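Here's the structure we're looking at; comments come further down.
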Amino acid sequence: MCGIVGYIGPRPVLPILIGGLKKLEYRGYDSSGCAAVTPDNTMLVFKAKGKVSNLEEKTKECQQPCTLGIAHTRWATHGIPSETNAHPHLSQSGNLAIVHNGIIENYATLRDQLRKRGYTFKSETDTEVLVQLIEYIMNIRHSDLATSVRSALRLCIGAYAIAVVDRRVPTQMVAARKSSPLAIGIGKENGEFFIASDASPIAEYTNRIVYLNDEDVALIEQGKELQIENLHSGSVDYEIKEVDLDLTMLDKGGFPHFMLKEIFDQPTVLKDCMRGRIIERDGSLRVVLSAVEQHKQRLVSARRFTIVSCGTSWHAGLIGKQLIEHFCRIHTEVAYASEYRYNDVVVDPDEVVIAISQSGETADTLAAIEIAKKHGAMVFGIVNSVGSSIARQTDTGTYVHIGPEIGVASTKAFTGQVTVLAMLALALGHERGTVDHEEYEEVLRELTRIPDKIDHILRQNDRIRDMARIFTYAHNCLYLGRGWNYPVALEGALKLKEISYIHAEGYPAAEMKHGPIALIDQDMPVIFIATHHRLYQKIISNMQEVLSRKGRIFAIVTEGDEQVRNMCAEVIEVPDTLACLEPLLTVIPLQLLSYHVAVAKQLNVDQPRNLAKSVTVE
């Protein structure tokens with residue numbers, strides 16, 4: 001959520017800032033801005049509502065040779081989207097500029113105290129309060145920028161990732177974080193440094209990155225060694241990580257949108273996800289996860305698993321629950337991280353909490369991890385972003401390895417998460433002796449076939465595009481599935497809501513008659529996931545109930561199905577597979593359907609309104 005970019009060094013700063021913001025557009029935003037300091041100590045500030053391209057237009061005429069700057073894409077929390085509320089915000093004197101992700105919860109109290117001391121405010125934001133507080137402390141204590149930032153942050157309650165510059169010191173920048181990600185890239189030219197919310201704006205310049213931890217404050221000076229102090233424990237010995245980020249994954253690869261590219265990426269990235277983890281030896285398959293090998297005893301002896309996650313990752317967790325209970329015979333709960341963090345949860349020291357997040361920065365999931373660790377539970381992370389906060393704060397875990405996901409509506413991350421959960425459940429079940437060896441090998445072998453079966457489904461893209469036009473006229477849709485496919489119904493409905501703005505709900509099909517059936521008429525599309533599993537006949541009975549109310553049915557069916565076909569307006573076929581792996585196939589047509597509905601409605605597919613890719617605020 002929101003994006004920060006900064007640079008200090010010999011290169012012209014504005015192209016780096018604008019280019020970096022473009023790479024962070026996927027995070028979601030409504031306005032943008034940048035500040036640059038010239039060698040003669042002038043602060044140049046540019047702001048624009050809407051797209052980064054609007055900001056770029058405003059900076060084109062600038063010929064000043066700036067080599068220090070900060071930039072930001074804003075997702076509104078305090079105050080409406082506007083140039084006034086856009087970042088950077090200046091201190092009252094104009095000497096300091098700040099960009100900020102997160103929320104300062106006690107900003108109103110701080111603002112009232114500053115007003116009594118003569119400070120005025122131009123915006124409605126909590127961020128402007130913070131920069132005024134830093135300047136106030138600097139003035140009354142005659143302290144330097146880094147010291148003043150640390151003092152101000154000790155008075156703040158909430159979350160932040162910030163970068164602050166002082167026009168009077170054009171070779172220095174201060175950055176800090178708490179519960180919101182921030183990375184520092186150590187450049188190759190003349191002591192240059194880059195900062196960003198994630199590695200994507202930095203990767204084209206350097207692969208040497210330092211990730212700040214909570215309550216770390218970094219003093220970044222051109223040509224000098226990076227200095228980091230924690231607010232409470234003093235000087236920090238930091239680690240420089242070498243990050244391998246494939247920059248080709250950050251472009252659309254000839255597709256009109258990132259979302260469509262990422263849907264079509266799935267056969268390739270799922271092979272990457274499984275590579276080196278599903279191993280064949282002497283004609284037998286085995287799944288090997290380093291986290292399971294290293295923490296085998298704790299994982300195998302767990303009395304309970306709890307999965308904490310949000311949104312699409314929560315849907316993956318629902319499938320993970322079924323996988324773990326089926327193969328491991330261990331009781332498993334799935335909790336919304338946003339509720340878990342405030343519930344009076346009972347956490348057993350023998351429990352394993354699995355935290356799932358594509359970005360690895362989801363604020364609610366990070367808070368849930370903190371609670372679980374406080375109660376002595378082992379925390380296992382499933383994330384996609386290497387070096388992310390969740391990856392660093394969990395006891396162990398597994399990376400999804402599906403490459404950067406730029407489209408706000410998650411697609412390949414979902415199938416990647418389900419694939420990892422399947423491998424985890426099989427690995428633990430095998431160690432516990434709760435899965436028959438024949439079934440263990442059968443599922444692993446079929447899992448390796450899934451990418452080719454997804455590729456087969458993707459060949460129906462044009463037909464699904466034509467079918468999607470029907471949905472552009474709908475105001476409501478109902479998605480129904482049972483068993484393994486109930487979470488897929490939830491995920492399909494979420495995708496349609498996210499990018500087409502059509503109200504949609506997912507339900508277990510049997511629950512339809514306990515309320516939702518009242519909504520069904522000839523104008524409401526009903527999408528069934530009706531593949532050949534043990535509840536197939538039950539699903540057909542549910543379909544009859546819809547038909548008797550004049551509902552119009554669309555269905556995902558197993559190839560060759562005729563019984564369901566005769567009941568539907570349209571069907572989409574998926575290859576036959578094992579029931580436990582069906583979600584990896586049945587979700588693909590629903591991803592394509594949502595995409596094509598949004599395109600037909602001429603909506604912004606990759607950056608839907610009001611949404612952010614990485615939700616780093618509560």
Side-chain angles (χ1 to χ4, degrees), residues 1-6 20-21 23-29 70-75 77 87 98-104 127 153 156 158-164 173-186 193-203 206-218 220 226 228 230-231 236 238-241 243 245 250 309-310 313 337 355-370 381-394 397 399-400 404-406 408 413 612-618:
M1 186 170 290
C2 307
I4 287 175
V5 179
L21 291 184
K23 289 184 174 68
L24 293 176
E25 284 187 293
Y26 73 92
R27 297 172 70 91
Y29 69 103
I70 53 177
H72 188 265
T73 50
R74 177 178 186 258
W75 188 86
T77 54
H87 300 207
I98 190 172
V99 291
H100 165 226
N101 290 348
I103 295 174
I104 306 300
T127 304
L153 292 177
C156 293
Y160 54 79
I162 63 169
V164 190
M173 178 190 310
V174 174
R177 71 151 281 177
K178 181 182 178 182
S179 301
S180 191
L182 200 63
I184 302 172
I186 300 175
F193 292 92
F194 303 81
I195 66 163
S197 296
D198 63 42
S200 56
I202 298 173
T206 180
N207 67 341
R208 301 176 70 231
I209 293 177
V210 175
Y211 292 98
L212 294 183
N213 292 313
D214 273 357
E215 300 187 318
D216 281 353
V217 180
I220 305 166
L226 178 66
I228 301 177
N230 185 271
L231 287 182
V236 171
Y238 54 86
E239 179 184 2
I240 301 173
K241 295 182 178 291
V243 176
L245 183 62
L250 298 176
S309 47
C310 302
S313 296
I356 309 175
S357 167
Q358 188 283 135
S359 68
E361 302 293 350
T362 310
D364 288 322
T365 307
L366 281 162
I369 289 170
E370 186 177 345
I382 297 177
V383 301
N384 186 42
S385 299
V386 176
S388 59
S389 296
I390 291 176
R392 288 180 286 125
Q393 292 186 23
T394 47
Y399 283 116
V400 180
E405 188 178 65
I406 305 302
V408 167
K613 182 65 176 173
S614 179
V615 184
T616 58
V617 297
E618 187 178 347

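Only heavy atoms go into these numbers, but all of them, side chains included; no hydrogens, no water, no symmetry mates. Everything quoted here is computed from the prediction, not taken from an experiment.
- Nearest approach of A176 to L182, heavy atoms of both residues: O-CD2, 3.7 Å.
- Contact annotation: the side chain of R392 approaches that of Y211 to within less than 4.5 Å [non-hydrogen atoms, C-beta and beyond].
- D198 is not listed as a side-chain neighbour of S385, based on a closest heavy-atom distance of 4.5 Å or more.
- P181 and A161 make their closest contact through O-CB, 3.6 Å (heavy atoms, listed as atom of the first residue, atom of the second, distance).
- Formation of a donor-acceptor pair under 3.5 Å by the S389 side chain with backbone atoms of E361 is not found in this model.
- Between the H72 side chain and the H100 main chain, a donor and an acceptor come within less than 3.5 Å of each other.
- Taking all atoms of both residues into account, the shortest heavy-atom contact from G20 to V5 is C-CG2, 3.6 Å.
- Using a distance-only test at 3.5 Å, with no hydrogens or angles considered, no donor-acceptor pair links the side chain of D214 to the main chain of N230.
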- Could you check I184 against F194 for side chain to side chain contact (heavy atoms under 4.5 Å, CB included), going step by step and ending with a plain yes or no? CA-CA 6 Å; I184 302 172; F194 303 81; over 6 Å; no
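- Y160 contributes no side-chain N or O that, together with a main-chain N or O of L153, makes up a donor-acceptor pair within less than 3.5 Å.
- Of the residues listed (V400, V383, N384), the one engaging Q358 in a side chain to side chain contact (heavy atoms under 4.5 Å, CB included) is N384, and it is the only one.
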- Task: Check the pair I220, L226 against side chain to side chain contact (heavy atoms under 4.5 Å, CB included), reporting the backbone distance first and the verdict last.
- Result: CA-CA 6 Å; I220 305 166; L226 178 66; 3.7 Å; yes
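- Nearest heavy atoms, S197 versus N101: OG-ND2, 3.3 Å.
- Rounding to the nearest 0.5 angstrom, the gap separating the CE atom in M173 from the CD1 atom in I195 is 5.0 Å.
- Note that OH of Y238 is 10.5 Å distant from CG of L212, once rounded to the nearest 0.5 Å.
- Closest of all the heavy-atom pairs between S313 and S357 is OG-CA, 3.9 Å.
- Between the side chain of T73 and the main chain of G3, a donor-acceptor pair closer than 3.5 Å is present.
- Going from atom NZ of K178 over to atom CD1 of I104 covers 9.0 Å, rounded to the nearest 0.5 Å.
- Taking all atoms of both residues into account, the shortest heavy-atom contact from L24 to S200 is CD2-OG, 3.8 Å.
- Taken to the nearest 0.5 Å, the NZ atom of K241 stands 13.5 Å off from the CZ atom of R208.
- Here the CD1-OG1 distance, from I103 to T127, works out to 9.5 Å after rounding to the nearest 0.5 Å.
- Annotation: side chain of L366 is not in contact with side chain of S179 (no heavy-atom distance under 4.5 Å).
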